Structure formats: C-alpha cells, structure tokens
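Everything numeric in this text was worked out from a predicted model, so none of it was measured. Quick note on labels: first sequence line is chain A, next is B, and so on, each numbered from 1. Computation of the quantities below employed the complete heavy-atom set of this structure, encompassing side-chain atoms and omitting hydrogens, waters and symmetry-equivalent molecules.
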Amino acid sequence: MSELRAPRGTKDLLPPESQIWASIEGMLREIYKIYNYKEIRTPIFEDTALFIRGVGDTTDIVEKEMYTFNDKGGRSITLRPEGTASVVRSYIEHKLYGASQPLKFFYIGPMFRYERPQAGRYRQHHQTGIEVLGGDSPLIDAEVISLGLEILKNFKLTNWRLHLNSVGFPECRPAYTEKLITYLSDKSGLCEDCQKRYRRNPLRTLDCKSATCKEIIKDAPLLTNSLCIECHDHFQKLQEYLKIYGISYELDPFLVRGLDYYTRTAFEIKTKSSGSQNQIFGGGRYNGLAEQLGGPKSPGIGFGLGLERLFLALQEENSLEIPLAPLDVFVVTIGGDEVVAKGWEILYKLREANISADMDLLLRAPKGQMKAAGRNQAKYTVIIGEDELRANKLLLRDMDSGEEYTLDNNEIVKFVEELERGQEQ
RNA sequence: GUGAGUGUGGCGCAAUUGGUUAGCGCACCAGAUUGUGAUUCUGGGGGUCGUGGGUUCAAGUCCCAUCACUCACCCCA
C-alpha cells in the first residue's frame with residue numbers, strides 16, 4: 001500500500017457512491033427552489049478572526065477544532081468550520097441589508113474541523129444549510145424549521161425527533177444566568193467540565209451529559225420561564241405556526257447550542273440511529289451576529305445539516321435508492337484499424353445525438369469488449385466487423401434479450417432513440 | 001485531547017500450542033467458444049502478512065514503539 005493516503009478524517013468519494021451524492025444534492029436543490037432559496041457560495045477559507053468573533057472564543061470549535069494556518073502573506077487563515085459566519089460576513093460586506101428583505105440563502109459544501117474521526121464525524125464533512133437574513137418574524141423561524149424537515153421527508157427519513165427551545169436574548173438572558181448561577185453555587189458534584197462552564201458560559205451546563213450533572217440540572221430554574229415578553233411571544237407564535245404545518249416537536253429546556261451566537265429559537269434534529277453522532281441537523285436564530293461582526297444590526301436564522309449523517313441515517317433506514325447509471329450503447333469492433341475507425345466515428349454520432357455511449361479504449365479482443373459492455377450495464381451494443389464495414393451495415397444487439405438487428409449505417413441513431421422511447425412507456 | 005479494539009493479494013476472510021514453498025472465495029486476465037457479454041469448466045497473474053525495532057534455532061503468530069482504520073468519551077453536522 002502506498003504511504004500516500006487521504007488525510008485522516010477525510011474520504012474519497014468514488015462511484016457509485018459519488019452518484020448517490022450527486023442525486024442527493026440534486027434533490028436538495030429542487031427543494032430549495034420550491035421554497036425560493038437562492039444559492040450562496042462563500043470561500044472555503046476565511047480570516048481566522050471571522051470565526052473567533054462569529055462562533056465565539058469559548059466554544060470548542062474555536063478553542064480546539066479549527067484548521068488554522070498562516071498563508072505566505074502572514075495572514076491567519078482558517079478553513080471554515082461552519083457556514084453561518086461566512087454568509088453573514090458576505091451579507092455585510094456586500095451591503096445586502098440594503099436589498100429587499102428577507103434574503104433567503106442556501107449552501108452546500110465542505111466544512112473542516114480538527115477532531116478525532118468516528119462514525120458520522122469527519123475532519124472534512126459536508127453540510128447543506130440555509131440562512132434567512134433581515135427578518136425577525138417567528139414565521140421565518142417556522143419556515144426554516146419546516147424546510148429542514150421537508151428535506152428529511154423528501155428523503156423518506158422517518159426515525160427522528162425535533163427538539164425545540166428558546167434561549168432568549170442578550171437582554172433577558174442575564175437575569176436567567178444569574179438564577180442559574182445562584183442555583184448551581186451551592187451544588188457539589190458538578191463534573192470537571194461544568195466547573196469551568198459554570199464560570200465561563202453557565203448555560204452550557206444545561207446540556208451536560210454526565211449523569212451527576214443531569215441530576216443536578218434536572219431541578220434547575222428553566223430558561224423558558226425567564227424569557228422577556230417579546231421572546232416568550234416569539235416562541236409561542238413559532239409553535240403555533242409549526243402546529244399549522246402538523247409539525248410535532250419536543251420542548252427541550254436544556255437544549256443550548258454549542259455556538260455562542262444563538263438568540264431565541266434553537267433546535268436540533270436527532271435520529272434514532274445506532275451511532276452516537278445522531279444529530280443530523282441543528283440551528284437557530286442569531287440576531288446579534290451581524291452586529292458582532294461589525295455590520296448593522298440584522299436578525300438572522302438558519303440551520304446546518306450534515307450530509308454524511310443524512311447518508312448514514314438513510315443507509316440505516318434502507319431508504320437509499322442507488323441511482324442506476326446504465327449506458328445506452330457500447331460500440332464493439334471486430335477487426336483491424338479500419339473497423340476501429342468506423343466504430344470511433346459511430347461513437348461520435350451517438351454522443352452527438354445525446355445517446356450515452358462508450359467503446360473499449362484499450363482495443364481488446366471482441367470478447368473483452370463485450371465483457372466491458374456488460375460491466376458498463378450497456379443496454380445495447382453496436383457491433384461492427386469487416387462484413388458490416390463492407391456492406392455499410394451495423395449490428396445492434398439488445399443486451400437483455402440477446403436479439404440482434406442489422407441496420408443501415410445511418411439508421412442507428414434513430415433506431416436507438418425509438419427503442420428508448422418505447423422503453424419509457 | 002482521553003480510552004478500547006483492529007491492521008494478511010483490489011475486496012471479504014483463513015493459517016492448530018510460534019515450525020519450514022502464507023491458503024480460500026469474489027474480482028481481474030486468458031483459453032474452452034479463431035466475429036459476441038452476465039452461466040459453466042480449465043488455467044494464470046497478483047501478498048517483503050501496516051511500518052520499524054526486539055525476543056527466539058525459528059515470528060503472520062509473542063513483546064515494544066509508531067502509523068492508520070474502527071468504535072466510544074468530549075463536542076458538533
């Protein structure tokens with residue numbers, strides 16, 4: 001084995017798997033079109049400062065998971081660990097807040113995090129996501145969530161749960177944080193991590209997985225009870241809108257997301273699949289982010305959906321349809337240079353007529369060419385030998401039935417087209 | 001960053017308590033079928049057993065290190 005391999009935590013995408021990915025992306029684009037979301041493509045790397053300021057410097061992503069390096073100009077560059085910060089940066093940079101609001105974007109692309117790989121977790125993974133900027137209406141929150149669920153529905157994924165919470169605003173959250181700190185201050189037995197969180201980012205103690213912390217947190221005051229009237233109202237309306245779409249959800253007062261920019265709505269979708277990385281997508285509202293990045297105050301909300309995890313969940317539910325990529329025609333030549341040249345010419349004509357076609361480029365013996373036709377799942381082979389060449393004829397073989405037809409040279413394109421049409425009906 | 005497991009031809013596996021030319025299936029190539037595939041039969045190519053060191057008369061098999069993969073913790077998509 002060569003010592004040169006794909007870097008740890010990355011993966012080559014080979015056929016036929018790559019075809020499945022292409023079809024997944026195609027389906028996503030269709031859904032986005034129906035919901036009137038437009039694609040945004042931002043750079044895969046950004047100034048490191050963007051993520052430190054955007055994602056938050058006490059988050060795990062920034063503290064230990066970023067791919068950061070200096071470029072030759074001495075700039076600190078980071079491969080994007082998530083999608084939102086870049087989109088908001090772009091929104092500010094191009095002064096899109098001046099356009100008709102809200103703006104509805106989607107993206108599909110790779111993200112990078114330096115972590116130990118495991119099932120459903122890679123150093124380069126792929127996300128699709130949406131961001132809606134320039135609006136604070138709970139109707140937007142409802143659309144974002146319903147669009148996410150629409151994706152799962154389209155892929156016929158059924159085994160999941162929506163967790164929903166509101167984490168309030170920088171205006172009403174401090175009051176709650178106070179209460180939480182007071183509550184926790186006389187509790188002992190918090191895990192090591194939570195001791196730190198307690199000081200730096202108390203909310204994060206809420207979703208700690210350690211059993212003892214869970215036990216302590218269970219009776220903690222609830223954030224949802226401390227929301228200001230506006231946040232409370234926003235949260236209620238969102239739930240009403242979700243109900244109209246028949247979306248069922250689970251209120252999860254301990255759901256706080258690991259990124260600092262969230263305000264009000266926060267949500268996660270967890271699949272019930274076996275692996276431990278079962279959070280397939282998550283997101284929330286980030287009304288303070290644009291301002292934090294130096295732009296005007298502009299509300300926004302979005303989600304990120306992990307494509308590798310979607311893929312895993314689909315595999316577990318067995319609802320992955322492998323798109324067949326059969327070839328219409330494979331050209332087989334039996335003879336010398338002249339026959340090969342003729343086959344080469346026929347191949348061109350077929351392709352010009354948008355018929356998918358190939359031939360054996362290794363100039364193998366006829367038997368080898370037929371084998372190659374079989375491997376390529378060719379529906380038909382066009383066989384040309386010395387006899388056909390002399391008579392200006394071709395032999396068309398149906399690879400399923402074994403039937404063969406003798407055709408005039410110039411009949412072939414029309415004949416294949418008719419056969420194709422016949423099959424579709 | 002922490003812990004556990006695994007590492008043999010392209011893929012999936014095997015090799016008795018360390019014992020002599022490391023096997024099998026699939027795949028690949030060729031022939032049977034000198035103008036034709038997916039079946040069948042026959043034959044063939046391909047492995048310094050992840051890498052480096054050590055123990056031993058002898059190591060795929062034991063020990064150490066290292067790398068990679070897998071799974072889990074942490075966290076996230």
Side-chain angles (χ1 to χ4, degrees), chain A residues 1-11 14 55 58-66 80-84 107-129 148 191-194 196-197 204 207-210 213 256-259 268-271 274-283 302-313 327 330-336 339 360 362 364-389 395-404:
Chain A
M1 194 186 297
S2 163
E3 49 203 60
L4 250 34
R5 314 178 186 189
R8 175 149 218 221
T10 69
K11 227 174 133 183
L14 308 172
V55 177
T58 64
T59 59
D60 278 18
I61 289 183
V62 169
E63 277 186 341
K64 49 183 205 189
E65 294 173 1
M66 294 210 298
R80 64 179 184 196
E82 59 102 50
T84 303
Y107 59 84
I108 303 175
M111 305 293 167
F112 305 85
R113 291 185 199 171
Y114 190 85
E115 303 180 87
R116 276 287 259 280
Q118 70 186 73
R121 198 174 75 182
Y122 307 91
R123 290 188 171 177
Q124 174 178 336
H125 72 279
H126 297 80
Q127 281 185 35
T128 184
C191 72
E192 232 175 276
D193 288 329
C194 282
K196 277 188 232 154
R197 291 178 182 135
R204 300 287 304 286
D207 68 348
C208 183
K209 281 171 193 159
S210 117
C213 291
V256 291
R257 312 240 329 127
L259 286 66
E268 285 179 358
I269 276 70
K270 289 186 177 164
T271 62
S274 51
S276 76
Q277 305 303 325
N278 57 1
Q279 185 191 318
I280 190 161
F281 78 88
F303 68 70
L305 186 154
L307 293 181
E308 281 82 359
R309 290 186 186 174
L310 175 66
F311 195 89
L312 278 178
L327 192 65
F330 200 91
V331 177
V332 171
T333 60
I334 306 171
V339 177
D360 179 37
L362 294 180
R364 264 181 288 226
K367 181 179 166 171
Q369 297 183 42
M370 289 304 289
K371 268 190 156 177
R375 259 196 300 268
N376 281 287
Q377 301 171 304
K379 286 184 256 183
Y380 306 100
T381 45
V382 164
I383 300 168
I384 310 163
E386 305 284 359
D387 298 348
E388 285 78 10
L389 187 70
L395 202 59
L396 183 79
R397 179 183 171 91
D398 183 318
M399 293 298 272
D400 285 330
S401 67
E403 278 178 275
E404 294 188 348

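- The side-chain contact (heavy atoms from CB on, under 4.5 Å) test with A:Q369 is passed by exactly one of A:I334, A:V332, A:T381, A:L362: A:V332.
- By the 4.5 Å heavy-atom criterion applied to side chains, A:R121 and A:R116 are counted as neighbours.
- In terms of polar N and O atoms assigned as donor or acceptor, the side chain of A:Q124 never comes within less than 3.5 Å of the base of B:A77 in a complementary pairing.
- Residue contacts shown for A:I61 are absent, as no nucleic acid heavy atom lies under 4.0 Å away.
- For the pair A:K379/A:D400, no side-chain contact is recorded, criterion being any heavy-atom separation below 4.5 Å from C-beta on.
- A distance of about 15 Å separates the C1' atoms of B:C11 and B:G7, rounded to the whole Å.
- Between A:P110 and A:Q124, the closest side-chain pair of non-hydrogen atoms falls below 4.5 Å.
- Look at the C1' atom in both B:U16 and B:G12: the space between them is 22 Å, to the nearest Å.
- Within the 4.5 Å cutoff, side-chain heavy atoms of A:L305 are placed close to those of A:F303.
- Judged by distance alone with a 3.5 Å cut-off, no donor-acceptor contact links the side chain of A:Q369 to the base of B:U36.
- Contact annotation: the side chain of A:R8 approaches that of A:P117 to within less than 4.5 Å [non-hydrogen atoms, C-beta and beyond].
- At a threshold of 4.0 angstrom between heavy atoms, the contacts of A:G129 with the nucleic acid are absent.
- Side-chain contact check for A:M66 versus A:I61: some heavy-atom pair is nearer than 4.5 Å.
- Taking atom CZ of A:R8 as the reference point, atom P of B:C67 lies 9 Å away to the nearest angstrom.
- Distance from the side chain of A:R116 is smallest to B:G3 among B:G37, B:A77, B:G3.
- At a cut-off of 3.5 angstrom, the base of B:C74 holds at least one donor-acceptor pair with the side chain of A:R121.
- Across all strands, A:R257 comes closer than 4.0 Å only to sugar-phosphate atoms, never to a base (heavy-atom distances).
- One atom, CD of A:E65, and another, C1' of B:C74, lie 9 Å apart when rounded to the nearest Å.
- Nucleotides B:G1 and B:A58 place their C1' atoms 42 Å apart, quoted to the nearest Å.
- Both stacking criteria are satisfied for A:H125 over the base of B:A77: a centre-to-centre distance under 5.5 angstrom and an angle between ring planes under 30 degrees.
- Comparing the C1' positions of B:G46 and B:G25 gives an interatomic distance of 16 Å, to the nearest angstrom.
- Considering only heavy atoms from C-beta on, A:Q127 comes within 4.5 Å of A:Y107 through its side chain.
- The distance from the CZ atom of A:R123 to the CD atom of A:E65 is 10.5 Å, given to the nearest 0.5 Å.
- Nucleotides B:G9 and B:C28 have their C1' atoms positioned 12 Å apart, rounded to a whole Å.
- Residue contacts for A:G9: at a heavy-atom cut-off of 4.0 Å it reaches the sugar-phosphate backbone alone, with no base atom in range.
- The gap from the C1' atom of B:C73 to that of B:A15 amounts to 37 Å, rounded to the nearest Å.
- In this entry the distance linking CG of A:N278 with P of B:C74 reads 12 Å, nearest Å.
- Using a 4.0 Å heavy-atom cutoff across all strands shown, A:E388 reaches at least one base atom of the nucleic acid.
- Looking at the side chain of A:R309, the nearest of the listed nucleotides B:C71, B:C74, B:A77 is B:A77.
- Under 4.0 angstrom from either OP1 or OP2 of B:A72 there lies at least one side-chain N or O belonging to A:Q118.
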Produce the list of close N/O pairs, under 3.5 Å, pairing protein atoms with atoms of nucleotides 28-30 of chain B; give distances to one decimal.
from	atom 1	to	atom 2	distance (Å)
B:C28	OP1	A:R375	NH1	3.1
B:C29	OP1	A:R375	NH2	3.4

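- The side chain of A:Q127 sits closest to B:A77 out of B:A72, B:A77, B:A68.
- A distance of about 14 Å separates the P atoms of B:U8 and B:C62, rounded to the whole Å.
- Looking at the side chain of A:L395, the nearest of the listed nucleotides B:C74, B:U36, B:G37 is B:U36.
- Of the residues near RNA chain B, A:R397 and A:G306, the one whose nearest nucleotide (by heavy atom distance) lies more toward the 5' end is A:R397.
- The residues A:E403 and A:R397 are annotated as not salt-bridged, no charged nitrogen and carboxylate oxygen being separated by less than 4.0 angstrom.
- Taking atom CZ on A:R123 and atom P on B:U70, their separation rounds to 11 Å, with Å as the unit.
- Counting non-hydrogen atoms under 4.0 angstrom, A:E404 reaches a base of the nucleic acid.
- If you take atom C1' in B:C57 and the same atom in B:G18, they sit 12 Å apart, rounded to whole Å.
- The NZ atom of A:K270 sits 13 Å away from the C1' atom of B:A77 (whole-angstrom rounding).
- Here the side chain of A:E388 pairs no donor or acceptor atom with the backbone of A:I383 at under 3.5 angstrom.
- Whole-Å rounding puts the A:L312 CG to B:U70 P distance at 11 Å.
- Residues A:L310 and A:T128 have side chains not in contact (no heavy-atom distance under 4.5 Å, counting atoms from C-beta outward).
- In this structure, NZ of A:K11 is placed 16 Å from C1' of B:A68, rounded to the nearest angstrom.
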Its dot-bracket string being built from Watson-Crick and G-U pairs below 3.5 Å, with | for another strand and [ ] for crossing, RNA chain B has the pattern (((((((..((((.....[...)))).(((((.......))))).....(((((..]....))))))))))))....
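- Using a 4.0 Å heavy-atom criterion, one finds that A:E115 contacts the bases of the nucleic acid, with or without backbone contacts as well.
- Within 4.0 Å (heavy atoms only), A:F330 reaches no atom of the nucleic acid at all.
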